[in-house]
Each structure stands twice: as structure tokens, then as C-alpha cells.
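First the structure, in the form of C-alpha cells, and then the observations on it.
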4 protein chains.
Amino acid sequence: MKALVYKGPGNKSWEEVPNPKIQKSTDVIVKMVATTICGTDLHILKGDVPEVEVGRILGHEGIGVITEVGDAVTQLEVGDKVILSCVSSCGRCSYCRQGLYSHCLDPEGLAGIGWIFGYMIDGTQAEYVRVPFAENSVYKMPEGMSDAEGILLSDILPTGFEIGVQYGKVNPGDVVAVIGSGPVGLAALTTARLYGPSRLIAIDLDEARLKRTLDFGATAIVNSADADWKQQVMDLTDGLGVDVAIEAVGLPQTFTMATEIVRPGGSVANIGVHGKSVDLALNVLWIKNIGISMGLVNTNTLAMLLKLVTERKLPVENFVTHEFTFAQMLEAYDVFGHAAEHDALKVLIH
Amino acid sequence: MKALVYKGPGNKSWEEVPNPKIQKSTDVIVKMVATTICGTDLHILKGDVPEVEVGRILGHEGIGVITEVGDAVTQLEVGDKVILSCVSSCGRCSYCRQGLYSHCLDPEGLAGIGWIFGYMIDGTQAEYVRVPFAENSVYKMPEGMSDAEGILLSDILPTGFEIGVQYGKVNPGDVVAVIGSGPVGLAALTTARLYGPSRLIAIDLDEARLKRTLDFGATAIVNSADADWKQQVMDLTDGLGVDVAIEAVGLPQTFTMATEIVRPGGSVANIGVHGKSVDLALNVLWIKNIGISMGLVNTNTLAMLLKLVTERKLPVENFVTHEFTFAQMLEAYDVFGHAAEHDALKVLIH
Amino acid sequence: MKALVYKGPGNKSWEEVPNPKIQKSTDVIVKMVATTICGTDLHILKGDVPEVEVGRILGHEGIGVITEVGDAVTQLEVGDKVILSCVSSCGRCSYCRQGLYSHCLDPEGLAGIGWIFGYMIDGTQAEYVRVPFAENSVYKMPEGMSDAEGILLSDILPTGFEIGVQYGKVNPGDVVAVIGSGPVGLAALTTARLYGPSRLIAIDLDEARLKRTLDFGATAIVNSADADWKQQVMDLTDGLGVDVAIEAVGLPQTFTMATEIVRPGGSVANIGVHGKSVDLALNVLWIKNIGISMGLVNTNTLAMLLKLVTERKLPVENFVTHEFTFAQMLEAYDVFGHAAEHDALKVLIH
Amino acid sequence: MKALVYKGPGNKSWEEVPNPKIQKSTDVIVKMVATTICGTDLHILKGDVPEVEVGRILGHEGIGVITEVGDAVTQLEVGDKVILSCVSSCGRCSYCRQGLYSHCLDPEGLAGIGWIFGYMIDGTQAEYVRVPFAENSVYKMPEGMSDAEGILLSDILPTGFEIGVQYGKVNPGDVVAVIGSGPVGLAALTTARLYGPSRLIAIDLDEARLKRTLDFGATAIVNSADADWKQQVMDLTDGLGVDVAIEAVGLPQTFTMATEIVRPGGSVANIGVHGKSVDLALNVLWIKNIGISMGLVNTNTLAMLLKLVTERKLPVENFVTHEFTFAQMLEAYDVFGHAAEHDALKVLIH
């Protein structure tokens, strides 16, 4: 089969590799129908994630059809069209039983975290994929759902919702600010509407991206390049700050921005993947009665979000901006790697 | 009357001052029966809290008897023996209605925070005190409760419980670590038992203080001066870390310790008053699915804790180590200011 | 002034009565701008609520302008346009501090419950009203809000939201059924959307009322006169029942319907005012892991709902079907008393 | 092997039957070390549960050692000493993923509920047992735990805690009443202490049983045979009723008692297995802002309770009153069947 293979820092190739095989009785093999590229894939390609071995097939999002099932798999069948969760989890350990799939104690005997696709094991940018713990890690895709909808459920919608909205404890009536308008920030913005906020403020440096947030539910936009950006945010509240500030960038500055606009009693929800530590002004914040949350997605809301997308209660038609065939994988990387130039959000490869 | 007056950095005096008067219809005047000294008072005396004016009467904890009530006060009477909350709150603003008394929008027209006694208005280390918004800020003291018990309810028990235990989301079966064994750390340790933890680990640098924690409910002690302190903590868990790490010191190092011993899915609850910012290792922590909380006490659990102390369900007899008369106020400061030498926890002045 | 006075079972009169006066320092006097009629008023008029004395002015919903304030009132001024909560609460008792205003321990010295307007004290169907505990019982009405919007916030929107949606624990993705399509049932239906349900099923016996529910957010309707109504509901779920069943009628049969369609793990929220006990099939239900809730509105979400109405996040333009002047009060009663004939929901008297 | 076999209403036998075999790859076979008898077993023997087939081996509680594992079982080994959950659950269906194991959608292909041992499949009163979905249904028993402790974790401790205490939402400071002092009522009483109640009131008709509750944590006892029992309960509160009323009998009268003593804003938690419907006074209760819960145990807190028992934080040494060998099974039934005469609580067969 063909797959996108990591060849060391700066190098990748769409090349012929052996087909995956069932290794454990809880595995299934999936023939991929669609996949996509995540910012994390770009980081790996740069060499920023040294634990990824040369030869690894990348990708952790995707839709496919089951072609083979392990002996212990009874709730899935060959022919089932499924959405793959970006997180692999055994479903039986103490963390899985709490729904904390992100910290599954035994994702393939790889103690640590549940994200292993395209990282510790071969991923989804391939024609076929072996899916471990399949019964806990794939979800049947309903009739009538498009690839462009389904692909969002592997990672970005659950990430925005669980780590941004739920960890941020958005409640009806809240004023919510989302810092960063990339795909995950927009996923947080869109899914925040599930808890009836009164205002949704998008904050970003890029005017074009900011304008696009209005299609995803933002009720106000603030350009953080403006000297008075903070005052603009405050003016959109009762003067005390936002109820929930969601960080979806991953830089020290944007994290600090979130802590500066949150009101007493409010929440800062960090979604961003950070490469550096940040200076936390505890000398100011200790008295503010705020909570700060962070984490990797569990996808334990995937089934619920899938239901809402099916019922057209979660408008997600604006996420996919570009489509490619599997043969155009490298082209897809090129476009996504220069997202700003191409005005790209998510690229769909199918 | 006599009161303990702040005379500028390094200076205080127990001197004659005018008696307080009712200023608003929601005030009461209380003749103090007992008061105590808090670490914050020492900070103010050092000059670390410059917004405190020279001439301010210090203290924010106390018990007393009502001698006068304002016209709008109907639920309290002259002669009622009451415990004063360290937080003053109007009870009517949007924050008060949510129980976030610490951020009352109008504590005496002093927008900001609800802690004003001995800070923005005259405090409780005096023979008489004016209590604003009395109906929302004092609690009737039951028959049979001792001064040594009642005095703890003004501040340290609610602080340990609300900001440490509740914000830290202690649940039955949890392993909880409390860093710092001063009065507030011990209050967190003791009140953590209200949520049925399986283990309570006290962490401190001082062996004598550590031993004392066993009287307050600690099931294990770890001296953080030991090179392997962190491993000692991990060995007291299933190897993944504690469910809840409570910081009760207020230093960057101790805060960082808390973030290092918390397990994935766990909570860090900061009670410490910090004078500096801290370096938060978001590059490591972003993926750990933890929450970090912080804040000023609301005392919205004061009435509940009072009930538990009355029912002897919360053993608090070990907090007061030294007793003084009001006339010995300066001596009490001397002992509390050198707590380690005197093996002092809380000093009771009555 | 003129007011609608209860003259004993079956009798009412719009007549001249003395203007109300400030009785306590926490009172305000309000000149009414708008009021409305509730089903409860009809019950009282029938004589079903014998504790209501002859001579009582009816009504517990309304908007007005403050004309006089008591001495202890500092957060409200003459001239403020306000929405009156249907519940009066002191804001200081243990229940009020928990937000359980409905069970205020001292609503005017009338221990019991917080609904006293038009019941234990004179109500809002009058030109002027005395409002006890005004600072805890009225909410400033924002510029630009219409009377037809504001009037809903006194009672029916908070009731539908608090007792139906919040007590019923509606969560994103849920399938919610609302039994009964009167004003309160529609309020529950509309506000349920604040928690992102996947489906909202309206159940009623009347086809005209059912059709109208589609304007309030219903995604499916079921006529409970159909022999297979229950199967119709089940077919709108995954076959296991609805997540939340809200009862908004007040009859034994409709309550039982709710318990029959709720899924294991789901909730039944009773809003209906019941005149009889009901037979609860605990022999069947004990094993179903369900919760059943009930209660009087607290209006502790009034301020939040007001914000959402102001931000146009809660479409409420379809509730008021008929408008009258104060002089047409009896005509308004006539229309509301025969709501089905007139296709009436809420009548606005202003 | 030998097993206790149901031979039709009124008849049972301890007889030789074939050893169980692995049927699915997720099964294990367990050699029983200890088992016990539950009130439900007596009901089945009376013929009250007609769906139980003649020939069924009874029992749903037990401890044993694994002697054989299915092909898909990787987290358990032959030789592991384990506690069996009374509920069997697949761990993969939508209910299991929420922790609602009691309503597992596929317990052995037997849609409905997760309690199947000694009911739909052969149970634990036998020398060997086949355990379906073993990785989700057994828990390793720690060194040093006695059989008399371990046996309580199969059913009664989780039932009392989950369905009584957690569903009843016991909070620190609460006054809690438990109606019924049988094993499950005592389990609720004991585990209620995990949430720091201020008072624990045991209510029963039998003076001897009532006295025994004091060993399990009751702080007050009330004999419901007393004419003024209700007043006695009220006098143990602030006059408004208990925060949480737990029903652990299963009769209409006792359920009604619970609804009569609960305060506004409180909870009624039904644990009792009911054979009849009950008359619920919604005409009185609709306005009381209470919640009523009920359900079958999920055992999703079994691992946590096991930790607390291991740490000696949950005193459980008084539950087992009688011990027998497996060969004395019929004698054990005789004693448990006449529990009052023998002053028996739990009988341990090992």
C-alpha cells in the first residue's frame, strides 16, 4: 500500500510500504476513505518530536472501512464504515474507566498517553491502518454524513469541546473569548455554542482569520495587534473580564493574555501545545479565584458530537477548505504547510 | 478603647483610639471577645502591603458580642455572640449571589475584594469593631463552642476547606498531599477528611512541624529537604502521583513541587499568598489533564463548618497553642512573629 | 389606584384601592408598566387556593418604574425601570445564601416559600406595587428590551429553565421531551436549547398547540392522543427512551407518561403544579437509575436569562399573543381564561 | 463441582453439577474462595422472580482465584485472587462508557441490566464460576484483605455508597437519615461518612437493629414504631428536615417516610427493591425542590472503596456475623433466612 512516511527531520515521502496486519485479537484493519493533516504532523516533520522514529507513517485522524477484525472483536464487522479516534485506549484500565482515555495506562503496552497514531505506531495517512483496541477507538459513521464532517470528529471537534469548552466550564449566559483562530480554536468557538453563551469573542492577530470566525459563531472580534485589545475585550464584558478564556495557540504570550482577561471566578482553558514554560503571575492571580485547565483530548464526547453533527445541530460545513486525493498527499501537505497563503483550514484527503 | 494600630513599616502600637460608630444602617458594632493574628498581619507590619494606611487597626479574625445594630438589621440583636467572617460582603451583588463573597462588588464602596478588615477598614484586634453588612458577615456562635474553636472559623478553616479542599476537588479515595504545615495547611489537612481521602500526605521542610501534622490527620509525612522527597511521595501513590496537591506556602518552589507530584487528571489547589510570579512548565503540563485553582476564601462554608465543629465532627482542638489577654497583644505578636521558636500555631487573644 | 382584586371564589373586580406604602426599609414602591396573568391566578379565582384572602390584589409577574425606596435600599433608585421576580427573598437566610430563594425562610416574616405576590401579599395586577426585599427581588431592565420580552423574565422563562432544564440536567446531545405546550412548557422547550440538545420532542394532546411548538424550537412533535404515542417517542430515540422528560402539565397521567419514556440513567423534571398525588411505579422504576426532580422557581437565573434575551440569544418573540391596557384587565382575564378559543399564550397588559 | 441450585419455588439443593467452561474469549473461570447470601436470593427461592429458571446456580457476590482465562484476557492471570462484581458489563457499550454498568447494553447478549449472576446465568454459590467480561467485572484483591472485608465489595458497600450516598448527594455538614438497618442500609450509613455529614440518623422498627447501627456510625437512632418518630427526626435537624433521606427497605410506607422528612432542597435516595408502586404526594411535594433517585448499583466505585478498606479508612469489620464452610451452604441459608432470630447480618461462606 501507499503511505506518508517520515524520513527524518525535513523529509517525508508518499511511498509503497507493507500492508498492516492484525497483531492482537482486539485489533481491526481499516481501509482509509479519508484522512487529514494536523499541525502536529508539521511539528513532527520539522524534527520537533524526536521520539518519532524514521519510517513512521504519520497521521492520527481518519475515516475508513473495516476490512479485517481480530478474534476478540464482536461489536464491529468487516464492512463497517468508521471514524477513528485520534486517541487509542484499552477501555479497561483505571483511567479509561473514568473516561480519561488520553491517559490510558496501556495503549499498546506503551504506558503514557493515548495518542499513539502517527507517533508511537503507524498512523492514518495511509491506504490501510491497524487500529488497536478497536472497540474502544472507532465509532460507526452514520449514513448521510459526509467525509468533510466525519473527519472533524477524529480530533478537532472533541479537542475544542472537551479541552476548551468543557474544561473551561462554559455555562449559559457566559462571555467566552477564544484566543487563536486556527482549526482547533474554531472548533472551540463552534462547540461553545452548545452551552448557550451570551457572547463569543474571537481574538487573533490576523484580520482575515478574524473575519472568518464570524462564520463559526463569533459575535465579536478583537485584533490583539491593537494596542487597546485588552480594553476592547473588557468593553465586551461588564468590565470585569470574560467568564472563560480559551487559549488555542500554544505560546507564552497568548497564555498570559488569557490570564489577563479572565474575570474573578472565571476559567482559563488551555488547548495550545506549548514548547516552552510560561511565567504565571501568581502574585496577582492568587486572589482571583480562577481555575486553569489543560490537557489532551479524551474523545469521550466523540459519540455525542457525532449525534449533534448528524442532527445538524452543530454547523461544521466551513472547516474543510481544500480537498485532495490520496495520490495528492504531498500537495495537501504543501497547502496545509502554507495555510495562510492558501487561506486553508482543514484539508481533506479522500 | 484600646486597639492594635499600624504605625508604618516595622511599627505597631496597642493604644487608645476612639470607639467605632455605626456608619450605615446595615452595620453592627461588636465588642470583641477574642481575636487572633494571621501571617498577613505580619506582612502588613513589614510594609509589604503598601495600600494599608498608617493608623489602621489590624486583624480580620474574631469573636464578639453585638452592642449596637443599624436600622436595617433585623436578623441580629444586641447581645448576640457572633463569629466575624474575615470577608465582608454585601450579599446582593452578582458575585455575592453566586457565593463568591471574596469578590463582592461593593464591600463598603471599595470595589475589588471582600477582605477589608484590618486592610481597607479598621480590623478586629481591638476592643470594639464596626462590622459592615453585618447580616451577611457574622454568624451566631452556638452555646458550648469555645473561643479556641470559634476563632478558627473566621478565616483558616474556611480557607483550608474552600480554597484547598473544595477547589482541589478532593473525592473519596483520593490521595491528597498538602505542602506546608502552617495553620492554613493544617486546616486544609484536617478538612480534607470531610471527603474521605485514602491517604493524606503532609510535606514540609521542618521535622517538628511534620510530626505535628499527624495530630491533624496526616497519614504520612515527607520531608522535602530529602533529596528523594518526590520519590517518597510517588511511592505513597500507585506511582502516578497524587490526586490533589494543595500548596499552602506561597513560594515559587512549593508551587512547582505541587505541579510535579500531581497525577494526570488531578488537581493543584493553591492557597498560598504569592509575592512573585512562578515559572509554569506548560511544555510538560499541557498534556497532563490537570486543573490549577487559586483564590481568596469566600467563607460561604463557614456556617457548615460551624455545624461540624459543634457536632465534634471536625477535631480542631490542636490549633491554638498559646493564649493571651487583650492587654498582652504585643506579647502575642511577639510569640506569633517567632512561631518556630515558640512552637506556635494559632495564638488566641481573649 | 386601580387594581385587580380577588372578591372570593368566582369573583374579581378591577377597582379603586389605596396606594401601597413603604412598610420596611428594604421595600420599594413600583409604578407598574406591564403585567400579565398566570394559570395560578385562574386557580386562585376558582377558589382552589383557600389561603388567599378576599381583598387580595392578584398577580406575581410584572415590569415597572421605582417611585419610592426604603431607607436601607442603596443599590436601586427612583426612576429605575425594573423586572419583578415572582419570588420574594430576603437574600440573607441560609436558603437564600444557597440560591434557593423559593424557600426563603423569611419572606416578609411569612415562613414557608418565597412566592408571596398575589398570594400572601398584594400582587402586580395593579397600578402600584410594594416590593419587599427589593434589592434581592428586582432586576434592572436594560434599554431596548420590550415589555413583551421583559414580562417573561418574572416567572415563566426562569421556571422553564430552572425547574425543567437545569433540574432535568439537560446536556449537549440529549434527546429531551417536554410534555405540555402551555407557556411554561414552551419556556422549557426554548431554554433547553441553551444546553445543545440533539432533539427536542414536544408532546401534547392538541394539534394546534403542537404545531406552535415548532416556532419555539421543537424538532419533533408527538400527539399523546395517538394510541402509539409512546412508540413514536421511542422511535425518536435510540430505542431506550429520552434523556430528559419534562412534565409541564400537572396531572397524574402526564407525570406517569414522563416516567415511562425516560431512559435508564435519565431524568424526569416535574414543573407541573399538582392537585393530586400520583401512583409511582417504583416496582418497575427502582432499577432504572433515574432521577425525579420538582420545585418552585428560584429566579436565581433571572439575571443570566435577561442577558441572553438582551443579546438575542434566546428567541422569545412568540410568547405574547395578545395585548391589553390596564383598563382592559377584565378583558385580558377573559381571553386568557379561554386561551384555547383565542389561541392565546401570554397576554400582556401594559 | 458442588453448587447451590434453584429447584423451583421453595426448593434448593447443594448438589454436584458440571464445572463451568470458558465460553467467550473475554471469560475467566474462578475457583471460589468465599461467597455470601443476599436478600435477593431469598426472593428468588420464594419464586418471586419468575424469570429465574429451575436449575440456575444462585449467588452474585464472591471472592475467588482465577484458574483459566479466555484468549482475549490480557490484564488478568491464572492465580490472581479477585473480587467479583455483582454486575457484569461489557465495558464498551455507550452505557458502560458512562460508568452506568448496571445498564450494560450487552451483558452476555442479554440486553437489559448488568446483574445476571445467579439470575440469568449461573452464579457464585458454587465451587467454580464462569465470569463473563472478566476484565471489566473482577478486581484484584490486595494482600492482607480478609474474606470478610472483600466479600462486602461485591455488592453491598458499592450499593449503599452509589445508590444511597452518591445518588443522594450527601455533602459535608449534611444531616442524613437512613431508613432500614439491614446490611445495605448499614452500608449506606457507613459510607455516608465519606462525605463528612454532621449527623447520621438511623431509623428502624427494631430496637436491637437500631442499637447495632451505632457501631456503624449512626449518631442518633429513631424507632419508627414511636408515634412521634417524625418529630424526633425533625428535632435532630434545624426543624426543616434532613438533607438526605435514604430508603433501604423497599416498602411503600418507608418510601413515603423518606419523602416526609426531607427538607426543601434535599434529596431522597431509594435503594430498596420494591414489589409495589407507591403513592407519591406530588400535590405536596411539587413545591419542595427535592430530588428523588433510584437505581441498581454500577460498582463503578468498587475499586475506590477497595482502596479505602485497604487503608482502614472504612471500618467494615462488623458486617459479617456468621461464618460457614461451602459444605455448610444450606445451614448458612437457614441462618440468613432467619436473620432476626440469629441476629445475623452478612453470612460468610468460605
Side-chain angles (χ1 to χ4, degrees), chain A residues 93-95 98-105 111-115 162-163 167-169 171 238-241 247 250-252 254-256 259 263-298, chain B residues 93-95 98-105 111-115 162-163 167-169 171 238-241 247 250-252 254-256 259 263-298:
Chain A
C93 70
S94 59
Y95 275 137
Q98 295 166 41
L100 201 68
Y101 301 143
S102 56
H103 290 275
C104 173
L105 295 173
I113 55 154
W115 165 48
E162 295 172 17
I163 309 305
Y167 277 21
K169 300 186 195 73
N171 271 306
D238 57 1
L240 295 169
E247 203 277 355
L251 294 173
T254 45
F255 180 81
T256 299
T259 63
R263 76 195 285 111
S267 299
V268 170
N270 181 78
I271 315 180
V273 176
H274 289 257
K276 294 181 189 166
S277 67
V278 304
D279 190 59
L280 180 69
L282 264 192
N283 49 329
V284 174
L285 297 171
W286 75 267
I287 205 169
K288 281 194 72 175
N289 298 64
I290 61 168
I292 301 173
S293 61
M294 58 202 72
L296 181 66
V297 68
N298 292 307
Chain B
C93 71
S94 58
Y95 275 136
Q98 295 166 41
L100 200 69
Y101 301 144
S102 57
H103 290 275
C104 173
L105 295 172
I113 54 153
W115 165 48
E162 296 173 16
I163 309 304
Y167 277 21
K169 301 186 195 74
N171 271 306
D238 57 1
L240 295 168
E247 204 279 352
L251 294 173
T254 45
F255 180 81
T256 298
T259 64
R263 75 196 285 111
S267 298
V268 170
N270 181 79
I271 314 181
V273 175
H274 288 257
K276 293 182 190 165
S277 68
V278 305
D279 190 59
L280 179 69
L282 264 192
N283 49 328
V284 173
L285 297 171
W286 74 267
I287 205 169
K288 280 194 73 177
N289 298 64
I290 61 168
I292 300 172
S293 61
M294 58 203 69
L296 181 66
V297 68
N298 293 305

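To find a chain, count down the sequence lines: A is the first, B the second, and so on, and within it residues start at 1.
Among I163(B), D238(B), V273(B), the residue making the largest number of heavy-atom pairs under 4.5 Å with chain A is V273(B). No other option in A281(B), P264(B), G275(B) has as many heavy-atom pairs under 4.5 Å with chain A as P264(B). When N270(B), L240(B), I290(B), I271(B) are compared by the number of non-hydrogen pairs under 4.5 Å with chain A, I290(B) comes out ahead.
Legend: residues meeting ring-ring contact (aromatic ring centres under 6.0 Å, His included) with W115(A), ordered by chain and number and at least two apart, are H60(A), Y119(A).
Closest non-hydrogen pair, M294(A) versus I292(B), comes out as CE-CD1, 4.0 Å. Residues L100(A) and G265(B) come closest through the heavy atom pair CD2-CA, 3.8 Å.
Within the structure, salt bridge (charged side-chain N to carboxylate O under 4.0 Å, His left out) pairs that include any residue of residues 274-293 of chain A do not occur (at least two apart or interchain).
Put simply, the residue from L285(B), N283(B), L282(B) that forms a side-chain contact (heavy atoms from CB on, under 4.5 Å) with V278(A) is L282(B).
Going from atom OH of Y95(A) over to atom CZ of R263(B) covers 3.5 Å, rounded to the nearest 0.5 Å.
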